[in-house]
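Structure first, then comments.
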Amino acid sequence: EARRIRITYFGEDRGRDFKILVNGEVIAEENLKGTKGTNFFEVDYIIPGRSVKNSNGILTIRFEANSGSRTAGIYGLRLMK
């Protein structure tokens, strides 16, 4: 049973202001500023227990840009225990 999501981003993505939703629930908001250089980096996000409990084993992960922005490039996504 997944407890967190690990997402890989690119360090130079900037001006990316977006939400991460799991089964329709916002679990995080990101605002990438492009300060990590030319490296890829990973960020872990906790999946709330209620999102997993009511999922029937299916998690829908959505990236939603805030007004006037766009989402970051997603270079990897892993479900972690």
Note to self: Would the distance check show the side chain of N39 and the main-chain N or O of F10 forming a donor-acceptor pair, the cut-off being under 3.5 Å?
What the structure shows: no
Next item on the list: Please answer whether the main-chain N or O of T71 pairs with a side-chain N or O of R16 as donor and acceptor at a distance below 3.5 Å.
Entry: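 Judged by distance alone, yes, a pair lies under 3.5 Å.
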Is the closest side-chain heavy-atom distance between [X] and [Y] below 4.5 Å?
{"X": "I5", "Y": "R78", "result": "no"}
{"X": "R3", "Y": "I47", "result": "no"}
{"X": "I7", "Y": "Y75", "result": "no"}
{"X": "N31", "Y": "N66", "result": "no"}
{"X": "T60", "Y": "V22", "result": "no"}

Looking at [atom1] of [X] and [atom2] of [Y], how far apart are the two atoms once the value is rounded to the nearest 0.5 Å?
{"X": "K19", "Y": "E25", "atom1": "NZ", "atom2": "CD", "answer": "13.5 Å"}
{"X": "L77", "Y": "I20", "atom1": "CG", "atom2": "CD1", "answer": "8.5 Å"}
{"X": "Y45", "Y": "E30", "atom1": "OH", "atom2": "CD", "answer": "3.0 Å"}
{"X": "F18", "Y": "E29", "atom1": "CZ", "atom2": "CD", "answer": "10.0 Å"}

Check: Counting heavy atoms not belonging to R6, are there more than 12 under 6.0 Å from its CZ?
Finding: yes
Check: Within a radius of less than 6.0 Å around CZ of R4, do more than 12 heavy atoms belonging to other residues, nucleotides or ligands occur?
Finding: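 Enclosed: over 12 neighbouring heavy atoms sit under 6.0 Å from CZ of R4.
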Notebook entry, point to check: Who pairs with S69 by side chain to side chain contact (heavy atoms under 4.5 Å, CB included), at least two apart in sequence or on another chain?
Noted result: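 Result, side chain to side chain contact (heavy atoms under 4.5 Å, CB included) vs S69: D17.
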Item checked: Residues which pass ring pair (Phe, Tyr, Trp, His ring centres under 6.0 Å) with F41, listed by chain and number, not counting sequence neighbours ->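 Per chain and number, F41 pairs via ring pair (Phe, Tyr, Trp, His ring centres under 6.0 Å) with Y9.
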Checklist line | Exercise: identify the closest heavy-atom pair between L32 and A72 | finding: CD1-CB, 3.4 Å
Note to self: Under the criterion side chain to side chain contact (heavy atoms under 4.5 Å, CB included), I'd like the reasoning laid out for I74 against T8: C-alpha separation, chi angles, the key distance, then a yes or no.
What the structure shows: CA-CA 6 Å; I74 306 301; T8 305; over 6 Å; no
